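Accompanying notes for the structure given below.
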Amino acid sequence: MSTSPAAEPSAHDASAAEDAKYIYDLSEGDASMKPLLGGKGANVAEMTKIGIPVPDGFTVTTAACIEATKHDGEWPASLWDDIQAALARLEERTGRVLGAAENPLLVSVRSGAVVSMPGMMDTILNLGISDESVEALGREADSPRFAWDAYRRFIQMYGEVVEQVPAHVYDDALVALKHQRGVTQDTELTADDLKGLVATFKDLSREHMGEELPTDPREQLRRSVDAVFRSWLNPRADVYRRANNISADLGTAVNVMQMVFGNRGETSATGVCFTRNPATGEKELYGEFLTNAQGEDVVAGIRTPRPLKEMEQVLPDAYHELIETMRKLEEHYGDMQDIEFTVEEEKLYLLQTRNGKRTASAAFKVARALVDEGVIDQREALRRVEPAQLDQLLHPAIDPEHGATPLTKGLNASPGAAVGEVVFDADTAERRGKAGDAVVLVRWETAPDDIAGVIAAQGVLTAHGGMTSHAAVVARGMGKPCVAGASEIKIDTDAKTLTIGSTVLRDGDTITLDGSTGEVFEGALELVPPQINEDFQTIVGWADEIRRLGVRANADTGEDAKRAREFGAEGIGLCRTEHMFMNEERLPAVQRMILAEDEDARASALAEILPMQQSDFEEIFEAMSGLPVTVRLLDPPLHEFLPNLVDQALLVQRLEIEGGKQSELKEAQHLLGRIHKLTEQNPMLGTRGVRLALMYPEIPEMQVRAIVRAALAVREKGGDPKVEIMVPLVAFAQELQRMRDLIDETVADELSGSGDQLDYTVGTMIELPRAAVCADQIAEHADFFSFGTNDLTQTGIGISRDDAEGAFLAAYVDDDIVPGNPFSSIDQDGVGGLVRLGTERGRSVKEHLKVGVCGEHGGDPASIALFNEIGLDYVSCSPYRVPIARFAAARAILDGENEEKSQA
Ligand code: ADP
Ligand code: MG
Ligand code: MG
């Protein structure tokens, strides 16, 4: 390989390792080359290109890192020669020589991954300072103290980062020296003190390295580049990559750049700034600086930085140039920038720019403002916010100004903030929550039995379990804040204490959870309400113009239906009727119906239930007037409405021993008998759904009558009910055909003689593999399909959710057997394949068959993308996820366009 600086454009392709081009001078790169130059490198090259002052330098590509990683750390043969050649060019351009006794060149060595990644190697500054160059640097700066300070800082960074000398070794020596001199600040040490410290640091380095600290800057450079390569695979970086879904194949680049010094006295400075306020999104000056300081001093917090505005007084020219540069950069990138700068003797240099990280509410404000300012269009604005950010804004959040220190930190398992009194069992949580108390359920780990407690609590804190643990999954599904796997907490359920470090909290003490960060605080922190503000509404409104999928909500009550409509739901995709029975007032009638010995007794119990159902439906039809409501007929097995088998058996036993009233005992025994009879080995696959309806046709008949009466009553009041009746758990076309006859006959009977008409449709859930495979047969009898992807996941994969989530599923996710919990985000190939097959087969018979999805997947962005691609008509999800679904449905289209473009 030639070492000539001339670049061959075709050499971008690094696949041919032999003659790959591993080095780019800053002037050769640009922002589009991020995959090769890393984010930092590509952006400094871009700044150079558009005429913004950046210190000169070069970038070692990610391809070099990948090659080295592939070969156990061994560099590509030409790389070291290439680096030396690039260095020679840099020396030539700057008129300086690395580490020389006259005009020394000093550089920084900065790692830079494609996606910005904390956890990688720390930057090394001042490389090139040596016994030879230190005097020259001192003369240039007219400050030997500055030069010796730079030297000791260099050894500290280099020793720690490259040679793994523990940081405290140097810190301790520095502290000891200050103590000896009777001073408290680093700045009070003299040039001679620092010179002595350099000698001490060298000795300490040797002791810990077992060899001499290399003094040749070229050798230091070689080892530094190598350390960056190795840092790509260090455990810290690995953890971060896994958490953020970053591929380990990307590699990191290494940037070598000439040093500029913000610590050359009062006409020098260093700072960071944002082109807008990253907390609020407001367009205003936002930044900090320090005079006579270097690099990380601003963020390290040793000295308190000053607000950027004050720089106007201190360094007016550099300040005005910076303001102009900020404007230019934001316009150039079309997004808010996060910028690092340094002023060396009044001259401004930019050291980094990138799209600034921002809070969720700032993301919306900035995206909307950029559209208003004509910088980006609406489609681009939709690409600038993420579904997770919508999620955050839909929950109450901790006031960002809280300033409190967390007691501990667990996993941020389900976003939002919760304030409440600590309770240690689900029953107490349920009882107190229902009574209106704000409680936080604290458990070692939750189990399916805890569900009622979870519902009634403000939030959940667990000591154990990961992001896919039961508590996490359930909490996310319900929009409940949850901090899971907070391994530092100790729970004593008997003593009812929660111990975190030295803090002991008792039953009834108040804590605050931040499910968005995983932090746990003592006491009640101030909350701010969900921020569905104008920015949010506007951007989700733009999504509506782009999306093709309809978005409905799952709602079982008038109240939920109202909320869903406010969130923009275009109907109800799933109204579960069984929830209407699960309250104390109605359960007795339902139990009488189930326990009835004969049809008459059953009929009279059903007659009691009918008006209750009717009033529920009325509320829902009213709230959704003009929009479709899909009512699902009774689905769960009957034993779910009866007392628990074991409890009832114990009751019978107790009554037998006590020998009390015979009638009471008889009744209890009778109930026990029924429970026995109805209890199934495998209720999920037992007598439920359409099977139950066909065995006890009086139940669906009652439900259909209630639906018809409710619809007529609502219409009477001027409403416009749009009724869709849905049959659950159909496997055979015959099942649906019979139900359809029953429904049609019942409706006709209700209407007969009244002269009224009612338009309604009859459809079915597709939630069994057989139904998907035989969807063409089933479609003959259906006006619509709705994929029940929760049951379809259970039956399709052959796992029961409660058993899987409580046992092997978390391990499956951790071990990468499955990419994630298939109940949260659909199993794209398997269960998604069944959805695709069922849709195709159904539509092969009825071309315009309406097809939707109901269940948790309907609110999951990745699943929504698949449903959009398959060509479904709508998704249905819980009310508070409706805005997310509207947004994700638009993103599915925009991302699809992008993919087409990149394939073209
Ligand atoms: P990080 O990714 O941790 O911000 P950087 O590579 O950006 O790491 O560098 C850390 C600090 O050092 C930053 O404040 C940066 O501005 C400063 N820095 C990096 N290179 C130089 C340089 N050539 N001259 C002066 N300061 C530099
Ligand atoms: Mg930086
Ligand atoms: Mg189901």
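What you are looking at is a predicted structure, and each value in this text was computed from that prediction instead of being measured. What you see below is based on every heavy atom in this structure, not just the backbone, and it leaves out hydrogens, waters and symmetry mates. Position 1 is the first residue of the sequence; numbering continues from there. As the structure lists them, so they are numbered: ligands from 1, and atoms in each ligand from 1.
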Only N/O/S atoms count here: what is the atom of E340 closest to the Mg ion (ligand 2) called?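 Among the N, O or S atoms of E340, the one closest to the Mg ion (ligand 2) is OE2.
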Ring pair (Phe, Tyr, Trp, His ring centres under 6.0 Å) contacts in which one or both residues fall within residues 256-281, not counting sequence neighbours: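 Output for this query lists F146-F261, F274-Y286.
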If you apply the rule salt bridge (charged side-chain N to carboxylate O under 4.0 Å, His left out), what do you find for R153 with D186, and how did you get there? CA-CA 11 Å; R153 283 180 192 241; D186 295 3; over 6 Å; no
Per-residue contact class, [X] against ligand 1 - non-hydrogen pairs under 4.0 Å:
X: Q352; answer: side chain
X: Q294; answer: neither
X: V260; answer: both
X: L125; answer: side chain

Is there at least one pair of N or O atoms, one from S108 and one from ligand 1, spaced under 3.5 Å apart? yes
Is the shortest N/O to N/O distance between Q258 and ligand 1 below 3.5 Å?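 Min N/O separation from ligand 1 is below 3.5 Å for Q258.
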Going from OG1 on T342 to CE on M259, what distance comes out if it is rounded to the nearest 0.5 angstrom? 7.5 Å
Among all residues two or more places apart in sequence or in another chain, which pass the side chain to side chain donor-acceptor pair (under 3.5 Å) test with D226? W75, R230
Which residue, T353, T275, N43, forms the side-chain hydrogen bond (donor to acceptor under 3.5 Å, both in side chains) with Q337? T353
Test applied, side-chain contact (heavy atoms from CB on, under 4.5 Å); reference residue, D193; option that passes from L177, D149, V183: L177
Please confirm if an N, O or S atom belonging to T123, backbone or side chain, lies less than 2.8 Å from the Mg ion (ligand 2). no
